[in-house]
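Since the model is a prediction, treat every value here as computed from it, not as a measurement.
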Amino acid sequence: SAALTSERFQSRALNSSFVGAYFPDIEMYDPASLISAKVFAPPSISAARVYGRLAQEGNVAAPAGYIRGVIASDTEDSTVALQTKINMSDITESETIATLYSASINPIIGGDEGLVLFGQRTLLKADSMLQRIAVRRMIIDIRRYVKSVAKGILFEQNREATLKLFSDLINPVLSSMLTKGGISRYK
């Protein structure tokens, strides 16, 4: 149940902005099966699919909700998630969502659109923007790019021209994040 899962999960005292948790397991077709057998799989598989789709689109917004958080439709993939392991009608949906979210677990809910990631919390306990998966993903992307640019000029002389070159190489990525709505400003 959502309550038992939340209770057990909170007892682990996890605290990281690099991790997100989802519930419940997902029933899906086994891609390795020749007879299209159904299996229950960890929800992280479906979450990773959503993250991958958003990354491919260059989308920096929340990987959640009825637009960006839809796991997949039947026309997109034959390994589409079919349903959640628990019956959402057993507990009212709002109670289930509140119980899970209070434990920093992102619920997966069923709806007319199919299965939907209905949260974007990380497991960070402190109040911070890093409690949001979209923010953490964006920072990781920026850090990777800055690191690759910095490697090319690491041992160059500390001159105005070097700093300008670094800035000129970094600005297009930051400008792109600004245009996409990921950041509101940068220097």
Side-chain angles (χ1 to χ4, degrees), residues 1-28 31 39-73 76-77 79-88 91-111 113-147 173 176-177 180-184:
S1 77
L4 183 60
T5 298
S6 295
E7 183 181 317
R8 288 180 177 170
F9 193 77
Q10 284 177 319
S11 71
R12 294 180 181 175
L14 300 171
N15 186 16
S16 174
S17 68
F18 289 92
V19 181
Y22 291 88
F23 179 84
D25 287 345
I26 304 294
E27 183 180 18
M28 60 193 319
V39 295
F40 282 101
S44 55
I45 292 172
S46 296
R49 291 168 62 118
V50 171
Y51 294 173
R53 185 182 73 239
L54 293 177
Q56 189 175 25
E57 295 170 359
N59 195 323
V60 297
Y66 292 106
I67 296 173
R68 292 177 305 275
V70 175
I71 292 173
S73 67
E76 287 182 40
D77 195 337
T79 60
V80 65
L82 300 173
Q83 63 185 26
T84 59
K85 189 172 184 179
I86 63 168
N87 183 351
M88 292 304 260
I91 306 170
T92 65
E93 194 170 284
S94 61
E95 285 178 13
T96 302
I97 291 169
T99 300
L100 293 169
Y101 218 66
S102 69
S104 298
I105 300 172
N106 298 300
I108 297 175
I109 63 169
E113 297 80 7
L115 295 181
V116 175
L117 302 182
F118 206 73
Q120 67 146 345
R121 293 222 21 204
T122 66
L123 300 182
L124 186 66
K125 300 294 183 205
D127 270 347
S128 165
M129 289 302 294
L130 292 175
Q131 285 182 317
R132 306 291 176 263
I133 290 171
V135 172
R136 174 47 74 193
R137 288 177 64 231
M138 185 180 56
I139 289 173
I140 289 170
D141 287 347
I142 292 171
R143 281 184 175 173
R144 282 182 183 150
Y145 187 75
V146 168
K147 183 179 177 181
V173 170
S176 172
M177 293 291 180
K180 293 175 184 175
I183 57 176
S184 58

Taking Asn106 for its side chain and Ala21 for its backbone only, find out whether a donor-acceptor pair lies under 3.5 Å. yes

Given 3.5 Å as the limit, does a donor-acceptor pair link the side chain of Glu27 with the main chain of Val39, or not? no

Atom pair CD/OG of Glu7 and Ser1 - distance to nearest 0.5 Å: 9.0 Å

Heavy atoms of other groups near Gln56 CD, more than 12 under 6.0 Å: no

So, taking the atom named OG1 in Thr122 and the one named CZ in Arg136, what distance separates them when rounded to the nearest 0.5 Å? 8.0 Å

Minimum heavy-atom separation for Tyr22 and Ala47, please, with both atom names. CE1-CB, 3.5 Å

Can you tell me if Asp25 uses its side chain to pair, donor with acceptor, with the backbone of Phe40 under 3.5 Å? no

Phe23 and Ala2 have their tightest heavy-atom pair at CE2-CA, 3.9 Å

Could you walk me through whether Val70 and Leu117 pass the side-chain contact (heavy atoms from CB on, under 4.5 Å) test, one step at a time? CA-CA 6 Å; Val70 175; Leu117 302 182; over 6 Å; no

From Ile105 atom CD1 to Leu100 atom CG, the distance as rounded to the nearest 0.5 Å: 5.5 Å

Between the CZ atom in Phe9 and the CG atom in Leu123, the distance rounded to the nearest 0.5 Å is 4.5 Å

Candidate pair Glu57 and Arg53, rule side-chain contact (heavy atoms from CB on, under 4.5 Å), full reasoning: CA-CA 6 Å; Glu57 295 170 359; Arg53 185 182 73 239; 3.6 Å; yes

Ile109 and Leu115, any side-chain heavy atoms less than 4.5 Å apart: no

What are the two closest heavy atoms between Arg68 and Ala61, and how far apart are they? NE-CB, 3.3 Å

Ser46 to Ile26 - nearest heavy-atom pair and separation: OG-CG1, 3.8 Å

So, the side chain of Gln131 versus the backbone of Ala126: is there a donor-acceptor pair under 3.5 Å, distance only? yes

Any sub-3.5 Å donor-acceptor pair from Thr99's side-chain atoms to Ser6's backbone N or O? no

Taking every heavy atom of Gly65 against every heavy atom of Val116, the minimum-distance pair comes out as O-CG1, 3.0 Å

To the nearest 0.5 Å, atom CE of Met138 lies from atom CG of Asn59 at 12.0 Å

Give a yes or no answer on whether the side chain of Lys180 reaches the backbone of Gly58 with a donor-acceptor pair at less than 3.5 Å. yes

Is the shortest side-chain heavy-atom distance between Asp141 and Val60 below 4.5 Å? no

Between CZ of Arg132 and CD1 of Ile139, what distance do you get to the nearest 0.5 Å? 13.0 Å

Verify the distance criterion only: is there a donor paired with an acceptor across the side chains of Ser104 and Arg121 at less than 3.5 Å? yes

Flag if over 12 foreign heavy atoms under 6.0 Å of CG, Leu4: yes

Closest heavy-atom pair and its distance - Met129, Val135: O-CB, 3.4 Å

For residues Pro107 and Thr96, determine if any side-chain heavy atom of one lies less than 4.5 Å from a side-chain heavy atom of the other. no

Verify whether the ring centers belonging to Phe118 and Tyr101 lie closer than 6.0 Å. no

